[in-house]
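Residue numbers start from 1 in every chain, and the chains themselves are labelled A, B, ... in the order their sequence lines are given, proteins ahead of strands.
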Amino acid sequence: MCYNAAMSDPFDLTGAAPEPGPQPGASPRAEPGADSPPQPGATEAAAPFLDALNAQQREAAESLDGAVLVLAGAGTGKTRVLVTRLDHILAARRAFPGQILAVTFTNKAAREMLERVTGLIGGAAEGLWLGTFHAICVRILRRHAEAVGLKPNFTILDTDDQLRLLKQVMEAANLDTQRWPPRGLLAVIQRWKDRGLGPDRVTAAEQSDFAAGRALALYDLYQGRLKTLNACDFGDLLLHCLTIFAGHADVLNDYQRRFRFILVDEYQDTNVAQYLWLRLLAQGGGNICCVGDDDQSIYGWRGAEVGNILRFEKDFPGAKVIRLERNYRSTPQILAAASGLIAHNAGRLGKTLWTEGDDGAKVRVSGVWDGEAEALSVAEEIEFLTGGGISADEIAVLVRTGSQTRAFEERFLSSAIPYRVIGGPRFYERREIRDAVAYLRVIAQADDGLAFERILNVPKRGLGGASIAAIHRAARAEGTALTTAAAALVGTDELRPQARRQLTGLLEDFARWREAAATAGPAVLAETVIDESGYAAMWRNHKSADAPGRLENLGELVTALEEFESLGDFLEHVALVMEHDQDEAGEMVNIMTLHGAKGLEFDVVFLPGWEEGLFPHQRALDENGAAGLEEERRLAYVGLTRARRRAYVSFAANRRLFNLWQSAIPSRFIDELPGEHVEVDVAQGLYSGGLAKAESSYHFAPGQASSGAARRRRGGRMAASAPDGDQAAAQGEPDALRRGARVFHQKFGYGKVVEADGAKLEIAFEKAGRKKVMAGFVEPA
DNA sequence: ACTGCGCCAGTTTTT
DNA sequence: CTGGCGCAGT
């Protein structure tokens, strides 16, 4: 989304109407020129916030001319610098808000920056181009859609739509979608788009072996289909912009002239396409300021290139590099632990973060028997902390994968600990919401065949596969959109009378709704559509447990729509901002993924699940090897540096995945934490890593003095449930256990193998009954 | 055309 | 354990 209040701002692309200049001196000062000195008078008088910055921050905020790269470590006041810089530009009258482009990577970062900007300078920021790359690109693209063969009201597809479309394309090309999953093709195409490559620009070196080398042809077909659907996907938003810039010098010049100052947040997360986009725009005035931290680059899997930071000075000659190394967030202990960990990465620019103040508590590392015990011990510690006066809002549980949240939710529910899951299941991805939105999409944009197909037979109208096939056939024959073809089809005898009648009725409904859309507000419209289409009735008559909840969600959707001026605004919001603000007030513990935690900070942070395979995640290692490992390590670094006062790392010796138990070994990241900044509190027998051996504070003997919380836990369930068995034995190669073998399992006891399927065993235990377990978790008895 | 069954596979992170 | 998908039966 673009946070631009002045949507009516007539952005004149001819450049014939330069903005009025009530502020003397604004225009000439805007000329590029790294050596032009700032205006001392304006600077001093108008930027009181500068005084609150340290020397490096201040330099970053004041160096307005030319290219500036700010390497901002975690907690060094990065956003503050950006916002102050913005204020400084305005106060020094170097530009109007509408001449400043501020891009971020995530919606959350955009939201935060907007909040801070308006908090600092209030309404003066109106007209600012502030938003995510994608949101800004949409805004540009709407104005020049024709240049890439789209209409201005094009739709933006989400992953789900993309997959369905790709599947269609692949089926049309007679490809076995079992053998070649559409997901794989999606990944290949996305990679190309992240690198700024359209179908015409993919070179032999960039080829993929997907579907025996047919990926590129499929890519081309897919792009063609998108065009007929008047749609584009996320990658296209950037790619189409680049195409326009490349082919229309006048358009590019105009934006170059417009954006006198460019600010980029989270620069380490930009991909090649975004980098090219920025470089093109910055070639106008050259006043570009990128803020980033190579140690916090965690989106490599999405095409982000840390290399963009490294090559900055090359591409912007004379660029000034400023390092922010004073950390204002964490205690020295936490900072030192995090720094020690990240030092294991080879590919980094290197920074030396420092901080002042009391040492604080060491990072606590604890090992537990399984995931449930882990959740329990976290819950107990939270109760202890909140009892001691720490607000639940200031506590966060940061997990590696979304699926880890469940154990904590269950535990917190039974312990009556209020919590919120941030970034959980997304509102706009729920089925009923997607269905309702599909109706709205067809109303707003009749060419949106994917949406039309989605709701054609929802609720049931007797328009099944045969009807869809007929419509598709007609569309292909005429080269028209699906709805157009459907309209033509009802005039023929192609369909069975019943289907024909139903389809006619539906098309009439849409015509009526479209008329209503012209006058009624989006919320009223949605209510009408959900009702008249029979969609609400469908769920009312549905006799499943979740049907009432779905109806509730539909109501919430209508409420959400009330905030939007037009249907188009709303649909854009849905596409770009998949989450839905739920005002969960009150003090609650925050549960979220590590990715979701970037940019946030809390007094207390729990970091569970530090186990090999989970964190670092096996898939990251498999797919990206050493680079993947480094990215995982950066993720760990991000997690630790979210904490102001306390950080708790934990691992479980056993974890249930799907339905089988797996034994786990502690993450290598635990061993990499510098021992002198860590306090280990591990039940006997669960951990024998190098850290514990080297560390004098390693204490597991009951009765030994330690913090109250640790003592409580040791006396509790964990110590009781931890056996002194040799976990390491279970970590080796899984034994080839055959049927009938007698085995021992540390949790379930003795049993006999009933079924053996590779590493998956089904075992009849003498006491615990039949269970499915992994071979690596049992030993021959 | 719809429903139900059974089989399979999957779970990293986000715009 | 879920959910999605393909297949067979009604």
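A distance below 6.0 Å separates the ring centres of Y299(A) and W301(A).
Contact annotation for G402(A): backbone-only contact, meaning every heavy-atom pair under 4.0 Å involves sugar-phosphate atoms and none involves a base. Using a 4.0 Å heavy-atom cutoff across all strands shown, N457(A) reaches sugar-phosphate atoms only and no base atom. Contact annotation for F105(A): backbone-only contact, meaning every heavy-atom pair under 4.0 Å involves sugar-phosphate atoms and none involves a base. In this structure, Q502(A) reaches neither bases nor backbone, as no heavy-atom distance under 4.0 Å exists between it and the strands shown. The residue A466(A) sits close only to the backbone: its heavy atoms come under 4.0 Å of sugar-phosphate atoms, none of a base.
A stacking contact links W301(A) to dT13(B): the aromatic ring centre lies within less than 5.5 Å of the base's six-membered ring centre, and the planes differ by less than 30°.
Atom CZ of R183(A) is separated from atom C1' of dC5(C) by 14 Å (rounded to the nearest Å). One can place CD of E630(A) at 22 Å from P of dT12(B), the figure rounded to the nearest angstrom. Rounding to whole angstrom units, CD of residue E266(A) and P of dT14(B) are separated by 14 Å. Atom P of nucleotide dT15(B) and atom NE2 of H134(A) are separated by 9 Å, given to the nearest angstrom. dG4(C) atom P lies 9 Å from atom CG of D160(A), rounded to whole Å. Between the CG atom of D233(A) and the P atom of dT15(B) there is a distance of 15 Å, rounded to whole Å. What separates CD of Q162(A) from C1' of dT15(B) is a distance of 10 Å, to the nearest Å.
Between R400(A) and dT12(B) there is no side-chain N or O to OP1 or OP2 distance below 4.0 Å. Between dT14(B) and T593(A), a contact under 4.0 Å exists linking OP1 or OP2 to a side-chain N or O. Here K167(A) does not reach the OP1 or OP2 of dG4(C): none of its side-chain N or O atoms lies under 4.0 Å away.
Under a 4.0 Å N-O distance rule, the pair D233(A)/K193(A) qualifies as a salt bridge. Under the 4.0 Å criterion applied to side-chain N and carboxylate O atoms, K78(A) and D265(A) are assigned as salt-bridge partners.
Along DNA chain B, the nucleotide nearest L635(A) and the nucleotide nearest G464(A) are compared for position; the residue whose nucleotide lies closer to the 5' end is G464(A).
Residues F133(A) and T270(A) meet the side-chain proximity criterion, which asks for heavy atoms closer than 4.5 Å.
In terms of polar N and O atoms assigned as donor or acceptor, the side chain of R302(A) comes within less than 3.5 Å of the base of dT15(B) in a complementary pairing.
Between W610(A) and F615(A), the ring-plane angle classifies as perpendicular under the 30° and 60° cut-offs.
The side chain of H595(A) lies closest to dT14(B), out of dA1(B), dT14(B), dT15(B).
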